[in-house]
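Everything below concerns the one structure shown next.
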Amino acid sequence: MSKSPNILFPALGGTVLVLGLSYAVAAGTYKATAFEPRAEAPVVAASATVEAPAAAAPAAVTAPVVLASATVDESVQPRGSKYGLGRAATAAEVEAWDGDVAPDGTGLPVGSGDIATGEKVFIEQCAVCHGDFGEGADAWPPLAGGFGTLADEDPYKTIGSYWPYLSTAWDYIKRSMPFGAAGTLTDDETYAIVAYLMYMNDLVDEDFVLSNENFLEVRLPNEDGFVVDDRDVLEYAQWRTEPCMTNCKETVEVTMRASFVDVTPADGGESVMNHGTTTELPTFTQNGIVYPEGYVAPTSAAAPAAAEEEAAAPAAVEATPASAGGLDMDLVAKGEKVFKKCKACHAVGDGAKNKSGPHLNDVFGRAFGGIDGFKYSNVFKDANANGMVWDEANVAEFLASPKGYLKGTKMSFSGLKKEKDIAAVIEYLKSFSQ
Amino acid sequence: MDDMFKPSRRAFLRGSAAVAAGSVAGAASADAGDPLITELQDWASATGAGVDETPYGLPISYESDVVRRNVEWLTASPISSINFTPIHALEGTITPQGCAFERHHSGAIEMRKEDWRLMINGLVDKELVFTYDDLMRFPRENHTYFCECAANTGMEWAGAQLNGVQFTHGMIHNMEYTGVPLRLLLEEAGMDITGDIKDKWLFMEGADASSNGRSIPLEKALDDCLVAFKANGEALRMEHGYPVRLVIPGWEANLWVKWVRRLEITNQSIEAREETSKYTDLYEDGVARRRTWVMDTKSAITSPSPQMPITHGKGPLVISGLAWSGHGKITRVDVSKDGGITWEQARLGKQGDTKALTRFYLDTDWDGSPMLLQSRAMDETGYVQPTKDQLREVRGENGVYHNNCIQTWYVNAEGIAENVEVS
């Protein structure tokens, strides 16, 4: 028994691999502790190790911790006292990195956000991948809906239908979202987005305001939908039996053949579907193989079937950029590396299609918002109406700070910090521009 | 006729050269013989490459199909995605870093050793920051462990899907790690533990945008976990977390935080995104399992397999495969040629290492008839690898993760193999 394969989604385990757009974590609540510097030298930003001065007293020997079944190297003897390595973390450092938020609210900073703000920020920063209503755009994950589907053949897992804790959403959004510009949301923006996510999932009304004070009042519907791993109870006793060696089954039939028979064809292109049927395959029995009626044994391996020309290199080859005269090919190569930051959303080269962002072939000389069929933000539509056209100068300005140059753009990218990276990626884009 | 998809010409050529040589050698008495032998070959005459050609080498061009592959339509973007180790073509147990699978949640980042910092904070006596140089001064150990994604074979819950052991079982690699026991670093910070250690957790996160925050019991962290900085003798590859990653033996690969930057001792699980939204297993009744950390006993035949057809015809046949268990050592692997009706015990390449890949072989004869090849692994806890039906019975089909079922290849009379499900 098996399901018909749904190429696009969760039934095939696609959900685990579907991109999760991260939600960046705020700087957490500062855990006040008195720090004694381990050395007299100040905190050094470079890599020099701070030596513990002889004056620092070693910490008292702590009682050894009882280990569970250790598979450690027995020849390595623990020292029994401190090594005196590392240095004390500063308060600012802990504040910068210790941003995790736990289900009981530990780590939540002071702040708040309402639905209207949430909607605004969501449309600007999140909808391009997650859809205006959290339904997911292209193959990016949906965030809303799916209630009561978890026991269905094809469950629809979203924050509303599946996630147990709201703290997870806050933690993830603040630390890792938007995709490509993680860590750029403020605490209040994060509260606003999370509030809006609740609203999209019909869990709160439009006058709701989410803050650190009422955070724990909001419970997600599936909070009780999890149990801890119980394979040891449900399975291990069953599997820990003496295995059968002979006459273990009466007969064996093939019940399903591989859906995708050539997964990554040598010449590129889509995975090839299988045309074989199960009925044309033999049945195996305790007394040998039983062939179906009309079965014809295939010819021997010495004569391989009609040869498919071997593709040379297995790795996908990028379309050769059009060679415009006078391009610095070294710089183009560097630009290709920089462009990796853009690839999640933009394509170039032969057959490049629009993705979350429009393709970037022939971008120089293109009108702002100039690709038909791509859903641009309003600021791009306005620029288009005003006759703005991309050239090297404004591309450079845009890439240094997309939201600075064109406030209201949906593009989730905080900008290229280095001028040489901007120059390189421009040269690379020029190679795809006539 | 069993309409089988013919694998690439190269797969046949690997074997057909042998067949051709065989048939010609057989006729050596009548003819002059195999020209590869009777005629002066270029390689026997001209000089070859010098020692100054390649400071760091890659496999010879004739092996250029032994590469990672990715399946584009599986994910929204290759930035948050996975590729597959070419286990069909590898032998032994060590996975070369260059073709070991990768899984990123926001792409592989570049970071210099000099810029790496590890913070240890939370329930500790002193919150500390370490540099790479600091790490080099703690005692280090060497251990070989398998690293398997919990979603390995996950596509196959819905049925036989991908035709190739690289795709069905390739989210796995096995490397010898050099690293500092995690417990030494935690002890250096001093654990401020009142009460039972069993109630304490370690939260781990990486330096990349996705940060991949995960929580594990402190007990596990103090057991066999490593803070690793070398694999197979050399620095970790960028895509595997250079310069430092965590090694959590026997447990799902998502816990092996790459570009690790912070470890926090807490009194609760943080329940981060990767341990709630993802890496939880949904059962048929709509209730999900969480904290499904350990990778269960598993095996697969790597050859013959769809990408590795039998090209030599009848007679002696080597069936080769891999077995592993997150519970400990593999003690035995059985192989069936008739879909599980009869089994024979295979031999292990060498004594199984705990929580590491083990190679098994069945040296057998092929009579040219179709086969349904299966392997079934056992580990030192007595766990016997179950069938897919047995697993589905308990979990349903929407678990996504932890599919360690017995794998079946249908091999036809031509030696071509296909991924199938059987009754």
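Lettering of chains follows the sequences in order, A, B, ..., and the numbering in each one begins at 1. Predicted, not measured: the structure shown is a model, and the values here were computed from it.
Judged purely by atom type and a 3.5 angstrom limit, Arg231(A) uses its side chain to pair as donor or acceptor with the backbone of Val294(B). In terms of modelled atom types and a separation under 3.5 Å, the side chain of Thr276(B) and the main chain of Pro164(A) share no donor-acceptor contact. Under the 3.5 Å distance criterion, the side-chain polar atoms of Glu188(B) are matched with a main-chain donor or acceptor of Gly84(A). Looking only at distances, a side-chain donor or acceptor of Asn398(B) sits under 3.5 Å from a matching main-chain atom of Glu153(A). Proximity of a side-chain donor or acceptor of Arg290(B) to a complementary backbone N or O of Asp229(A) within less than 3.5 Å is not detected. Checking side-chain atoms of Thr255(A) against main-chain N and O of Glu421(B) turns up a donor-acceptor pair under 3.5 Å. The backbone N or O of Trp97(A) lies less than 3.5 Å from a partner atom in the side chain of Arg262(B), making a donor-acceptor pair.
Within the 4.5 angstrom heavy-atom criterion, no atom of Thr149(A) approaches chain B. No part of Ala150(B) comes within reach of chain A, as not one of its non-hydrogen atoms sits under 4.5 angstrom from that chain. Looking at Val394(B), the atoms closer than 4.5 Å to chain A (heavy atoms on both sides) all sit in the side chain, from C-beta outward. Neither the backbone nor the side chain of Tyr132(B) comes within less than 4.5 Å of any heavy atom in chain A. Looking at Thr241(A), the atoms closer than 4.5 Å to chain B (heavy atoms on both sides) all sit in the backbone: N, CA, C or O. Heavy atoms of Asp334(B) lying under 4.5 Å from chain A belong exclusively to its side chain. If you measure heavy-atom distances from Phe226(A) to chain B, the contacts under 4.5 Å come from both the backbone and the side chain. Only the side chain of Asn274(A) comes within less than 4.5 Å of a heavy atom in chain B; its backbone stays farther off. In this structure, chain A has a heavy atom under 4.5 Å from the backbone of Glu344(B), while its side chain stays farther away. Residue contact with chain A, scored on non-hydrogen atoms closer than 4.5 Å, involves the backbone of Ser269(B) exclusively. Contact annotation for Arg261(B): both backbone and side-chain heavy atoms come within less than 4.5 Å of a heavy atom of chain A. Proximity to chain B is absent for every atom of Lys355(A), based on heavy atoms less than 4.5 angstrom apart. Neither the backbone nor the side chain of Trp116(B) comes within less than 4.5 Å of any heavy atom of chain A. Of the two parts of Phe203(B), only the side chain, counted from C-beta on, holds a non-hydrogen atom closer than 4.5 Å to a non-hydrogen atom of chain A. Interface remark: Glu242(A) contributes side-chain atoms only to the contact with chain B (heavy atom separation under 4.5 Å). With a 4.5 Å cut-off on non-hydrogen atoms, Asn70(B) touches chain A through its backbone but not through its side chain. Residue contact with chain B, scored on non-hydrogen atoms closer than 4.5 Å, is absent for Thr158(A).
Considering only heavy atoms from C-beta on, Arg289(B) comes within 4.5 Å of Asp230(A) through its side chain. Thr297(B) has its side chain out of reach of Trp239(A): every pair of non-hydrogen atoms, C-beta onward, lies at least 4.5 Å apart. By the 4.5 Å heavy-atom criterion applied to side chains, Phe167(B) and Ser271(A) are not counted as neighbours.
Contact detail for Tyr283(B) and Leu234(A): the closest heavy-atom pair is CE2-CD1, 4.2 Å. In terms of heavy atoms, Pro298(A) sits closest to Glu414(B) at CB-OE1, 3.6 Å. Residues Lys249(A) and Gly339(B) share a closest heavy-atom pair of NZ-O, 3.1 Å. Minimum interatomic distance between Gln268(B) and Pro103(A) (heavy atoms only, all atoms of both residues): OE1-CD, 4.0 Å. Nearest heavy atom pair, residue Ser277(B) against residue Tyr162(A), reads O-CE2, 3.6 Å. Between Val252(A) and Ile341(B), the shortest heavy-atom contact is CG2-CG1, 3.6 Å.
Using a cutoff of 4.0 Å between basic side-chain nitrogens and carboxylate oxygens, Arg395(B) and Glu235(A) are scored as salt-bridged. No salt bridge links Arg273(B) with Asp171(A); every basic N to acidic carboxylate O contact stays at or beyond 4.0 Å.
When each of Gly225(A), Pro265(A), Cys345(A) is checked for heavy-atom pairs under 4.5 Å with chain B, Gly225(A) comes out on top. For the options Gly288(A), Ala151(A), Ala258(A), Cys244(A), heavy-atom pairs under 4.5 Å to chain B are most numerous at Ala258(A). Among the candidates Gly276(A), Pro243(A), Ala344(A), the residue making the largest number of heavy-atom pairs closer than 4.5 Å to chain B is Pro243(A). Note on Glu418(B), Glu72(B), Arg291(B): by heavy-atom pairs under 4.5 Å with chain A, the leading option is Glu418(B). Per-residue counts of heavy-atom pairs under 4.5 Å with chain A were compared for Glu271(B), Glu275(B), Met378(B); the largest is that of Glu271(B). Per-residue counts of heavy-atom pairs under 4.5 Å with chain B were compared for Val227(A), Thr246(A), Asp152(A), Ile289(A); the largest is that of Val227(A).
Note that the CZ atom of Phe179(A) and the OG atom of Ser80(B) stand 5.5 Å from one another [nearest 0.5 Å]. Separation of atoms NZ (Lys341(A)) and CD1 (Ile79(B)) is listed at 10.5 Å; rounding is to 0.5 Å. To the nearest 0.5 Å, atoms CG (Asn247(A)) and OG1 (Thr342(B)) are separated by 8.0 Å. Distance CZ/Phe130(B) to CZ/Arg87(A): 10.5 Å, rounded to 0.5 Å.
In Gln286(A), the CD atom is crowded: over 12 heavy atoms of neighbouring residues, nucleotides or ligands sit closer than 6.0 Å.
No donor-acceptor contact under 3.5 angstrom links the side chains of Tyr83(A) and Asp134(B), judged on distance only.
Taking the six-membered ring where the residue is Trp, Phe260(A) and Trp73(B) present tilted rings, their angle falling between 30° and 60°.
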